[in-house]
Every structure is written in structure tokens, then in C-alpha cells.
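Before we start, here is the structure in question, set down as C-alpha cells.
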Amino acid sequence: MEYVMELRKLVGHRPLILPGAVAIVLDAEDRILLQERSDGGWGLPGGLMELGESLEETARREVREETGFEIGELELVDVFSGAEQYLKIANGDELYSVTAMYVTKTYQGELVADGTESLQVRFFAEEELPDELAAGYRRFLERYGKWKKSRCR
């Protein structure tokens, strides 16, 4: 986030293109790990890339920071970009995110919300996702569902 804050000092609220990553972490019952976000609603752990990071490293760092888990092998599901990835944040900052979505079933550590970005973290069955799931995360999970079906053929 330091990189983005430095950019914002230079460009103000104007739209930026910002890369990031989210991770779908699955437990043994294929339930999906979600976080209740301090900025509102539920979502997948993830965030923006820092200078020098790969997208996989971004996913790993964000999961560790937000949930306490160290994740194992990651498989790329998709990359999201374009007009649907436009965001205007409450402070007026605008951005177009380019987001890599990964999936993993391997993790270790103690599941703990960081109390800053995550108010709580827990696993949900696909048919029991919270109503407060933000639209962007719904789009990610719909794509994951299609990806999963395509692999079961």
C-alpha cells in the first residue's frame, strides 16, 4: 500500500491502473475462506501488489496478513481487468484493478482476523455465502464456479 500512497501524492484522486491478487482458500470440505472486511462486506483475502512482488507473492502476503494462514501451491484461475474492475473509493480515489485470482487447498497456521482489514474470517459453503458479499467478489466466485466445472469434465 505504500507504493499506492506515494502515487496518490503525485496524481491525487485520478484513476490509476493497479495490479493485485486474491486467493480462494478451500478447506477439506471445499468451503471458501472469506473475510469480513473493515471497509464493508465480505470478500476474498487479497489486495494490491507492492513494488518488486509477483502476483503470487501478493496473494501469499495478503492471505498471511489478513487471515494468519501461510498458503501452499497456487493455481491461477483467471485475471480480471477492464471496465468492470473500476472502483471509486469513499475518499474519492479512482482505480482500475487488474486482479489475478488463485485457488489453493494447502495452508497452515492459525486462522486469525488481523483486526485492521479483517474483522472476522471463516469458511463458507458455496451455497451459504453471506448476503453482504460485494459484487466484485461475487463475479470472482462465479468465474471460479465455471472454472471448477470445466475441470470436472
Side-chain angles (χ1 to χ4, degrees), residues 1-8 16-81 84-85 87-91 93 95-152:
M1 213 45 184
E2 290 177 34
Y3 171 69
V4 175
M5 291 168 50
E6 296 270 328
L7 282 176
R8 286 292 175 203
L16 295 173
I17 299 170
L18 297 173
V22 295
I24 295 175
V25 179
L26 302 171
D27 69 5
E29 298 168 27
D30 281 340
R31 296 179 302 169
I32 298 168
L33 179 63
L34 296 177
Q35 62 174 334
E36 183 180 17
R37 302 181 55 85
S38 60
D39 58 3
W42 287 85
L44 296 165
L48 297 176
M49 179 185 284
E50 291 291 342
L51 289 177
E53 278 186 326
S54 70
L55 288 166
E56 280 193 12
E57 289 168 337
T58 300
R60 291 177 192 288
R61 175 183 49 78
E62 291 287 346
V63 169
R64 181 178 54 256
E65 290 174 357
E66 296 171 356
T67 73
F69 279 168
E70 294 286 341
I71 54 177
E73 184 177 332
L74 292 172
E75 187 168 355
L76 180 66
V77 174
D78 207 344
V79 177
F80 296 80
S81 62
E84 287 185 333
Q85 293 297 107
L87 298 167
K88 186 169 187 177
I89 302 172
N91 70 0
D93 288 352
L95 66 105
Y96 289 87
S97 69
V98 178
T99 305
M101 182 173 63
Y102 294 95
V103 65
T104 187
K105 284 188 139 191
T106 57
Y107 56 88
Q108 60 183 7
E110 183 180 345
L111 185 59
V112 178
D114 71 357
T116 303
E117 293 182 69
S118 298
L119 302 177
Q120 63 175 311
V121 286
R122 59 183 248 229
F123 286 96
F124 289 87
E126 284 186 68
E127 61 278 358
E128 296 174 357
L129 296 174
D131 292 334
E132 301 84 15
L133 189 64
Y137 295 108
R138 285 198 187 282
R139 190 167 49 252
F140 292 160
L141 291 172
E142 286 170 7
R143 177 63 188 103
Y144 165 70
K146 291 177 184 175
W147 175 84
K148 187 171 70 170
K149 282 183 185 175
S150 73
R151 296 174 54 86
C152 293

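Residues take their numbers from the sequence shown, with the count starting at 1.
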Please confirm whether the backbone N or O of D114 pairs with a side-chain atom of S118, one donor and one acceptor, at under 3.5 Å?
no
Strictly below 4.0 Å, N to O, side chains only: are E65 and R61 in salt-bridge contact?
yes
E36: what forms a side chain to side chain contact (heavy atoms under 4.5 Å, CB included) with it, not counting sequence neighbours?
W42, L119, Q120
So, for V103 and Y144, which heavy atoms are closest and what is the spacing to 0.1 Å?
CG2-CE1, 3.9 Å
Can you name the closest pair of heavy atoms from T58 and G47 and give their distance?
CG2-O, 3.5 Å
All N/O donor-acceptor pairs, side-chain side in residues 17-33, below 3.5 Å, sequence neighbours left out:
from : atom 1 : to   : atom 2 : distance (Å)
D27  : OD1    : E29  : N      : 2.9
D27  : OD1    : D30  : N      : 3.2
D27  : OD1    : R31  : N      : 2.8
D27  : OD2    : R31  : NE     : 2.6
D27  : OD2    : R31  : NH2    : 2.6
D30  : OD1    : K105 : NZ     : 2.7

Heavy atoms, side chains only, cut-off 4.5 Å: are K148 and E126 in contact?
yes
Contact between R37 and Y137 at the side-chain level, heavy atoms closer than 4.5 Å - yes or no?
yes
Answer whether the closest heavy-atom distance between the side chains of L44 and L141 falls below 4.5 Å.
yes
Give me the atom names and distance for the closest heavy-atom approach of R139 to F80.
O-CE2, 4.3 Å
Minimum-distance pair of heavy atoms, taken over all atoms of P130 and R138
O-NH2, 3.3 Å
Taking side chain as C-beta onward, heavy atoms only, is V63 less than 4.5 Å from Y107?
no
May I ask you to decide if G68's main-chain N or O and E110's side chain share a donor-acceptor pair within less than 3.5 Å?
no
When you look at L95 and R8, which way does the side-chain contact (heavy atoms from CB on, under 4.5 Å) test go after all the steps?
CA-CA 11 Å; L95 66 105; R8 286 292 175 203; 4.3 Å; yes
Donor-acceptor check, side chain of T104 to backbone of E73, threshold 3.5 angstrom: yes or no?
yes
Partner of R64 by salt bridge (Lys or Arg N to Asp or Glu O under 4.0 Å), out of E117, E70, E57:
E70
Taking all heavy atoms of L55 and all of Y102, pick out the closest pair and write down the distance.
CB-OH, 3.4 Å
Could you check whether any side-chain heavy atom of E62 comes within less than 4.5 Å of a side-chain heavy atom of P45, counting everything from C-beta outward?
no
For the pair V121 and E66, evaluate side-chain contact (heavy atoms from CB on, under 4.5 Å) and give the outcome as yes or no after the intermediate values.
CA-CA 8 Å; V121 286; E66 296 171 356; 5.8 Å; no
Inspect the surroundings of CD in E75 and state if more than 12 heavy atoms from other residues, nucleotides or ligands are less than 6.0 Å away.
yes
Ignoring hydrogens and angles, tell me if any N or O in the side chain of R143 forms a donor-acceptor pair with the backbone of M101 under 3.5 Å.
no
Quick check: closest heavy atoms across G109 and F69, and the distance to 0.1 Å?
O-CE2, 3.4 Å
